[in-house]
Amino acid sequence: MTLRLKPVDAVIIGFGWSGALLAEALSSAGLSVVALERGRWRDTAENFPPSRAPDELRYAVRHDLVVKPAENTITFRNSVAQMALPIRAWGSFLPASGAGGGGVHWNGQTWRFRPSDFTLKSDTIARYGKRFLPPDLSIEDWGVTYDQLEPYYDRFEYICGISGKSGNLRGRIEAGGNPFEGPRAREYPTPPMTMPYAPTLFAEASRELGYHPFPQPSANLSQAYTNPLGVTLGACTYCGFCERFGCGNYAKASPQTTLMPVLRRRKNFSLRTECTALAIDHEGGKARGVTYTDASGEVFFQPAEIVLCCAYTFENIRLLLLSGIGAPYDPQTGRGVVGRNYAYQTTSSVALGFDGKLLNPFIGAGALGTVVDDWNGDHYDHGPLGFIGGAYLAALATNGRPILNHPVPPGVPRWGASWKRAVAKSYLRTTRLLAQGSSLSHRGAYCDLDPNYRDRFGRPLLRLTFDFHPNDLKMSHFVTGKLAAIARAMRPDWMTIANREAPYSVVPYQSTHNVGGAAMGADRGSSVVNPYLQSWDLANLFVIGASAFPQNPGYNPTGTVAALALHASDAITQRYLRAPGPLA
Amino acid sequence: MKRREWLASVAAIAFTGCAAPAPPSPLRFFTPEEAATITAIADRLIPTDDLGPGAGEAGAATFIDRELAGPYGTSRDLYMRPPFLPGLPGQGPQSPATPAARYRAGLAALDAHCRAAFAGRGFADLAPPLQDRMLADLEGGRILRNDGGRAFFDLVLRDTIDGFFADPAYGGNRGMAGWRLIGFPGARYDYRDFVARHGEVYPEPPVALA
Ligand SMILES: Cc1cc2nc3c(=O)[nH]c(=O)nc-3n(C[C@H](O)[C@H](O)[C@H](O)COP(=O)(O)OP(=O)(O)OC[C@H]3O[C@@H](n4cnc5c(N)ncnc54)[C@H](O)[C@@H]3O)c2cc1C
Ligand code: SF4
């Protein structure tokens, strides 16, 4: 029997960055807000103090902080011709679970997309002509511009205290920052982190080649910082147990370290953990609330005036499909929108070793490093290259955790005395460079409900159909060549190039940058939500997260996820509450 | 080897080879014979040499034994609902067999193979060069091909390395042997003073979780 609860103004599904930012904005506007989070409560002192946090096996290998596949997974195939099979153990990406979501265990690489990223389709057609686009690409403009989002990027950076150096301050190009970024209204709230050896060598080599290296904008803070809500974060200690881990030093911006201390004091906000949303109930073009189940298995109905679905890409799409909201995408006809335009990230890397240099890779942080953005976006002519998109190239000194990082030069056996000797020599002397490439949505990349596999509640799993588009592989090979050139200029004793190739595999970790499937846009024929992330079908439903990206540029997503969430929150508090109804 | 002998040998190693003597730990999953085989395998995968203790000496059997007795061994946290169908490599592992079951079957198959080929001697009783050959054959798919020999080799290799580099609390990195080998300072958690000291030798010894 479903227990009907007292109505609230807003119910939020999922308490990661998206949910927490919305919770803060709506509760500060006076709304009664309930957030439902399927995972556990967790906070710094209780769950990841420095005496427990640096445990590689538990967190990085056994994935203690993310959702267990036994609780929820997805099925996967490369193309419609194959049968999708369940991802039984996580590999390529790590969907979050628990208070703070992925914000607890992210790296903290905090990017703004470029102005041109938001108008990719129209810019590409204007510059290269319609025929330049492969016919099966389904890229779209976002329906929102960089200038509209700039204040929200800014707000998120100041909530977090991001450490960085501006490259474009109100249109003035600044030395030491990213000259290709869009204009920003203010400098970063805190100065860049101190660079260890490998990122310094990378910066020197790329400068020699005429590129423009700059420090990675980082949510691992270079110094203590108090945010506009009055919450104080500590300084990063370069501990090297960052991505996949909670920070024991309050030094990584997360919902816990930036928003929760304020939310916990608000009487009009409550967080219900170990509560899994089963469906968004709706009737007559209006969401009524959320049906969910708690740890005891009891089922509840939480009525609400506004429903905010902030459950990450996969679960946002699945909840829409399970709840019968919006037309499911059909790859055969190209019709329908829910599940359409899934995209990922096209990454590649170069490993390089130096016999005579101690790089000390254990000195690390999730977003510590130097970056070159010269081959991202569209400021260089793609015409002769025959692809669209690009990547940033980086030396990120994230960690030297030895279970997953014990590189050896090529040709060394996998075990035995010679392996042991090679590991002992290489560990301190090896680093890896990364190309974080764009991923364009295409007709055959989408999500729907799996016909065969079910979750523990008997509901269909989400099915992902995805492979790298030839455009993205061409792009990736091109930028990997540029990355290898920088690597060579660093004069290593050995290097190995790991190009990205098809078919896409869910086994090796690549990134938890799964985007699209509930894409935003100005045209309801090709999008699920409008530029305010408001459902075209139910005006009191907002679907927040990277699920809104129509395709993925060559950057990490969270800065833009947060900017879109805050942009939506302003539209709700300033416009929707006055006149509930479609905002676009 | 009998169970008591295995325990005795672990204790002996603990007292001679490592800085901190570890009390012998009772087995939770392996039989003493299985533990002896794992120790023998681990000693070939990461051998003891002039660089320091190898994986067997550092406690690989203890580490893998405890892991197999826990959620890892039973695939408790993985999606284990049927149907189990063969897939493409890029779809990830699709077997219903848990690591615990794979070790039980894999060790039995390896030992049976060795006993048949070498006059009744099990893997642990072979001379090291012969053990190396057996492992290379397993890795190369030349023996136990139909029993998933190659995948079993990969599993044991991965678990051995995991234990060798995991926190000593898990039992496979006794005396921080794995960390000392490569120069990883362990759970230190603060390098602020050393970030800008490019190329210098980090002077502090490793520390483990309490
Ligand atoms: C290891 C790692 C490193 C990363 N590094 C970076 C980085 O450096 N830079 C960057 O930009 N991005 C990074 N990311 C991605 C980043 O974590 C995500 O973009 C971000 O956390 C998304 O926030 P979100 O709130 O939209 O989703 P999430 O953080 O995933 O939060 C969604 C929440 O919803 C909950 N939920 C899901 N379904 C339900 C349901 N049915 N009922 C109730 N609750 C539900 C989940 O448990 C989860 O807590 C990284 C991710 C990982 C895993
Ligand atoms: S590297 Fe810095 S931000 Fe990351 S967990 Fe360690 S102290 Fe925290």
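So you know, we letter chains A, B, ... as the sequences are listed, proteins then strands, and number each from 1. In this text the structure is predicted, and so the values were computed from the model without any measurement.
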Query raised in the report: So which part of B/P83 gets closer than 4.5 Å to some heavy atom of chain A, the side chain, the backbone, both or neither?
Result: both

**Report entry** Minimal non-hydrogen separation, A/V507 against B/P89, with atom names
**Finding:** CG2-O, 3.6 Å

**Report entry** side-chain contact (heavy atoms from CB on, under 4.5 Å) assessment of B/F165 paired with A/V61
**Finding:** CA-CA 11 Å; B/F165 289 135; A/V61 180; over 6 Å; no

**Report entry** Minimal non-hydrogen separation, B/A166 against A/L57, with atom names
**Finding:** CB-CB, 4.1 Å

Report summary line: Scanning both residues in full, the closest heavy-atom pair of B/I182 with A/P402 reads CD1-CB, 3.5 Å

Atom pairs (donor, acceptor) spanning chain B and chain A, under 3.5 Å:
unit_1 : atom_1 : unit_2 : atom_2 : d
B/L45  : O      : A/G416 : N      : 2.6
B/P47  : O      : A/K420 : NZ     : 2.8
B/D49  : OD1    : A/K420 : NZ     : 2.9
B/D50  : OD1    : A/R421 : NH2    : 2.9
B/G52  : O      : A/K420 : NZ     : 2.7
B/P53  : O      : A/K420 : NZ     : 3.4
B/E67  : OE1    : A/R62  : NE     : 3.0
B/E67  : OE1    : A/R62  : NH2    : 2.8
B/D77  : O      : A/A70  : N      : 2.9
B/Y79  : N      : A/R88  : O      : 3.1
B/Y79  : O      : A/R88  : NH1    : 3.0
B/Y79  : OH     : A/R454 : N      : 3.4
B/Y79  : OH     : A/R454 : O      : 2.6
B/R81  : O      : A/R88  : NH1    : 2.9
B/R81  : O      : A/R88  : NH2    : 3.1
B/P83  : O      : A/R88  : NH2    : 3.1
B/P83  : O      : A/Y453 : OH     : 2.5
B/G90  : O      : A/V506 : N      : 2.9
B/Q91  : NE2    : A/F76  : O      : 2.8
B/Q91  : NE2    : A/M83  : O      : 2.9
B/Q94  : OE1    : A/R88  : NE     : 2.9
B/Q94  : NE2    : A/P86  : O      : 2.9
B/E139 : OE1    : A/W415 : NE1    : 2.9
B/E139 : OE2    : A/R414 : NH1    : 2.9
B/D154 : OD1    : A/R414 : NH1    : 3.3
B/D154 : OD1    : A/R414 : NH2    : 2.8
B/Y170 : OH     : A/D55  : OD1    : 3.2
B/Y170 : OH     : A/D55  : OD2    : 2.6
B/Y189 : O      : A/T237 : OG1    : 2.6
B/Y189 : OH     : A/G248 : N      : 2.8
B/Y191 : N      : A/T237 : O      : 2.8
B/H198 : NE2    : A/M195 : O      : 2.9
B/H198 : NE2    : A/P196 : O      : 3.4
B/E200 : O      : A/N360 : ND2    : 2.9

Query raised in the report: Side chain, backbone, both or neither: which part of B/L157 has a non-hydrogen atom closer than 4.5 Å to chain A?
Result: side chain

Query raised in the report: By a 4.5 Å heavy-atom criterion (distance strictly below it), what part of A/M193 contacts chain B: side chain, backbone, both, or neither?
Result: neither

Query raised in the report: With chain B, which of A/L461, A/L359, A/L85 has the greatest number of heavy-atom pairs at distances under 4.5 Å?
Result: A/L85

**Report entry** Minimum heavy-atom distance between A/G416 and B/P47, given as atom pair plus value
**Finding:** C-CD, 3.7 Å

Report summary line: Counting heavy-atom pairs under 4.5 angstrom with chain B, the leader among A/L404, A/L201, A/I403, A/L428 is A/I403

Requested in this report: Find the one option among A/P503, A/G248, A/G240 whose heavy-atom pairs under 4.5 Å with chain B are most numerous.
Outcome: A/G248

Taking only distance into account, with no hydrogens and no angle test, what donor-acceptor pairs under 3.5 Å do side-chain atoms of residues 107-114 of chain B form with protein atoms, sequence neighbours excluded?
unit_1 : atom_1 : unit_2 : atom_2 : d
B/D111 : OD1    : B/F123 : N      : 2.9
B/D111 : OD2    : B/R115 : NH2    : 2.8

Report task. Could you tell me which portion of B/A55 (side chain, backbone, both or neither) has an atom closer than 4.5 angstrom to a non-hydrogen atom of chain A? Result -> neither

**Report entry** Contacting moiety of B/P128, where chain A heavy atoms sit under 4.5 Å
**Finding:** neither

Requested in this report: Please state whether the side chain, the backbone, both or neither of A/A84 comes within less than 4.5 Å of a heavy atom of chain B.
Outcome: backbone

Query - Contacting moiety of A/V423, where chain B heavy atoms sit under 4.5 Å - result: both

